[in-house]
Q: 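Okay, handing you the structure first.
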Amino acid sequence: MGLYKIKSYGCQMNERDAETLAGILCQHGYKETEEFEDADIIILHTCCVRESAENKILGKIGELKHLKEKKPELIIGVCGCMVQQPEAADKLKARAPHVDIIFGTHNLHQLPEFITQVKEFDQQITSVWSKEGEIVEDLPSMRKDKIKAYVNISYGCDNFCTYCIVPYVRGRERSRKPEAIIAEINKLKAEAFNEVMLLGQNVNSYGKDLEQKMDFADLLRKIDAETEMPRIRFMTSHPRDFNRKTVEAIAESDSVCPQIHLPIQAGSDRILKKMNRGYTREEYLELIDMIKEILPEASLTTDIIVGFPGETEEDFEFTLEAVRRAEYDNAYTFMYSKRSGTPAAEMIEQVEEQIKKDRLHKLIEVQNEISYKKNKPLLGKKVTVLVEGVSKGNPDKLAGRTSTNKIVTFAADRSLIGKFVDVEITETKTWSLEGTLF
Ligand code: 5AD
Ligand code: SF4
């Protein structure tokens with residue numbers, strides 16, 4: 001019937017949605033191709049969390065024009081967060097007439113209808129629901145990986161951090177029913193998957209909208225009890241809703257990995273308030289202390305934004321201090337990017353680009369030192385690794401991850417891919433570990 005190419009940008013939510021789009025296309029007889037040139041249908045699955053992502057995607061949309069000229073029957077679809085922003089779909093429609101289908105984050109399941117319409121009427125289709133509908137269960141799916149899988153537990157976000165576009169493009173928070181989550185994980189286990197990453201913009205507020213009384217900690221315990229999945233991870237946590245009950249559930253379950261991604265975003269109380277994050281630096285650091293007390297082996301990661309409007313050198317110093325105190329294993333660091341429609345975009349006192357760059361470099365330097373230091377005690381230790389595949393940096397070696405999500409490379413036979421092995425750590429680096437089979 002034809003070949004499809006999906007290019008997905010942005011977060012894990014998008015990666016997961018792209019697997020659904022791929023599943024829908026396969027169900028309709030399409031097969032995947034790696035090359036844009038060979039495709040009969042191309043879908044760009046977009047992100048708009050920062051301006052850099054949007055610019056990259058607009059560039060790609062421009063490039064596709066030549067392909068469409070060479071092959072007029074090619075169908076081009078652009079979907080996801082970017083087109084969900086107010087007026088974005090109209091602008092794109094005017095600017096890129098070679099795009100056949102423009103559809104939003106709430107319309108993914110309608111892709112087959114759109115394809116049929118384009119084929120029959122040969123006109124540009126725009127379908128962007130401004131409001132989320134009910135969660136659509138049981139959509140087909142073509143998973144990228146055979147070992148690790150993403151499983152959504154909630155969609156959307158109700159937090160409205162003042163810098164963030166997500167609540168506007170992904171709608172209000174909706175929790176999936178626990179039974180649907182458990183059924184999906186059990187199916188994945190039957191298909192020989194060994195690891196699941198539970199996904200939600202704010203996993204800790206899971207269940208608030210459900211009829212049954214259930215919170216995130218209850219969900220973790222239920223998954224641990226009712227599935228045989230060896231490893232369960234989750235992201236993203238929000239400090240406002242993160243609690244002791246969750247850490248206890250992790251500590252007392254066999255499958256939930258001791259790995260917590262807890263975005264701090266900034267270390268200055270003044271900036272945290274302007275960001276509408278709902279906690280102070282001390283409250284945040286108390287959570288970190290509580291995690292270290294109950295789960296001393298846990299790895300901790302975070303997201304940090306530098307150069308939020310009004311951030312002074314002193315505010316930035318508070319961020320560095322918090323980073324030193326929290327001692328993260330790793331941090332995802334970003335320069336603030338103005339997102340139109342969000343409250344922070346309207347704030348005066350936007351920080352100069354060069355200052356943002358300088359602060360980012362400083363922050364990365366401080367964090368790298370901590371990452372290196374935190375890996376050191378692992379030297380000589382035995383760790384259990386789920387083997388994910390051939391190492392990207394060294395094709396003679398395999399690579400996998402520890403329960404704390406550290407990457408380990410080691411020499412071993414490829415037949416071990418997908419299995420758990422014990423590895424002794426022989427060298428520690430900033431980003432990864434080297435080892436030998438135990
Ligand atoms: N500018 C820079 N970084 C942002 N993030 C979200 N919105 C913005 C923005 N406007 C970052 C946050 C979030 C991560 C996914 O992206 O740190 O946790
Ligand atoms: Fe954005 Fe804040 Fe929601 Fe995360 S919690 S998606 S940063 S609004």
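Atoms within each ligand, like the ligands themselves, are counted from 1 in listed order. Sequence positions, counted from 1, serve as the residue numbers for this chain.
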Q: Drop me the distance from Ile260's CD1 to Phe234's CZ, to the nearest 0.5 angstrom.
A: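 Rounded to the nearest 0.5 Å, the CD1-CZ separation comes out at 5.0 Å.
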Q: Can you tell me which portion of Val49 lies within the under-4.0 Å heavy-atom range of ligand 1? Options are side chain, backbone, both, or neither.
A: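 Answer for Val49: both.
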Q: Parallel, tilted or perpendicular: which fits the ring planes of Tyr284 and Tyr279, with parallel below 30° and perpendicular above 60°?
A: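 Correct class here is tilted.
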Q: May I ask you to list the atoms of ligand 1 that are less than 4.0 angstrom from any heavy atom of Met335?
A: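 Going through ligand 1 atom by atom, the ones under 4.0 Å from Met335 are 1 (N), 2 (C).
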Q: Are any non-hydrogen side-chain atoms of Ile182 and Lys222 less than 4.5 angstrom apart?
A: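 Ile182 vs Lys222: side chains touch.
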Q: Considering only heavy atoms of Phe334, which atoms of ligand 1 have at least one such atom less than 4.0 Å away?
A: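 With Phe334 as reference, the close atoms of ligand 1 come out as 3 (N), 11 (C), 14 (C), 16 (O), 17 (O).
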Q: What atoms of ligand 1 come closer than 4.0 angstrom to any heavy atom of Arg339?
A: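 Those qualifying, in numeric order: 10 (N).
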Q: Among Arg50, Gln201, Glu51, Gln265, whose heavy atom sits nearest atom 5 (N) of ligand 1?
A: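 That would be Arg50.
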Q: Polar-atom distance check: Tyr336 versus ligand 1, any N or O pair below 3.5 Å?
A: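 Between Tyr336 and ligand 1 (N or O atoms, distance only) the closest approach is not under 3.5 Å.
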Q: Check contact between Lys338 and ligand 1, using heavy atoms of the residue and a distance below 4.0 angstrom.
A: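 No, Lys338 has no heavy atom closer than 4.0 Å to ligand 1.
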Q: Heavy atoms only: give me the nearest Ala96-Ile61 pair and the separation to one decimal.
A: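 In terms of heavy atoms, the two residues are closest at CB-CG2, 3.9 Å.
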Q: For Cys79 and Leu21, work out which heavy atoms get closest and say how close.
A: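 Heavy atoms only, the tightest pair is SG-CD1, 3.9 Å.
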Q: Quick one: which ligand 1 atoms are inside 4.0 Å of a heavy atom on Ile305?
A: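 Checking each atom against Ile305, I get 3 (N), 4 (C), 5 (N), 12 (C), 17 (O).
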Q: Just to be sure I read this right, does ligand 1 sit under 4.0 Å from the backbone of Tyr163, its side chain, both, or neither, counting only heavy atoms?
A: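 It is both parts that get close, each with some atom under 4.0 Å.
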Q: Rounded to the nearest 0.5 Å, what's the gap from OH on Tyr168 to OG on Ser340? Could you check?
A: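 Between atom OH of Tyr168 and atom OG of Ser340 there are 10.5 Å.
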Q: Return the minimal non-hydrogen interatomic distance between Gln84 and Val169, and the atom names on each side.
A: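 Nearest pair, atom of Gln84 first, then Val169: CG-O, 3.2 Å.
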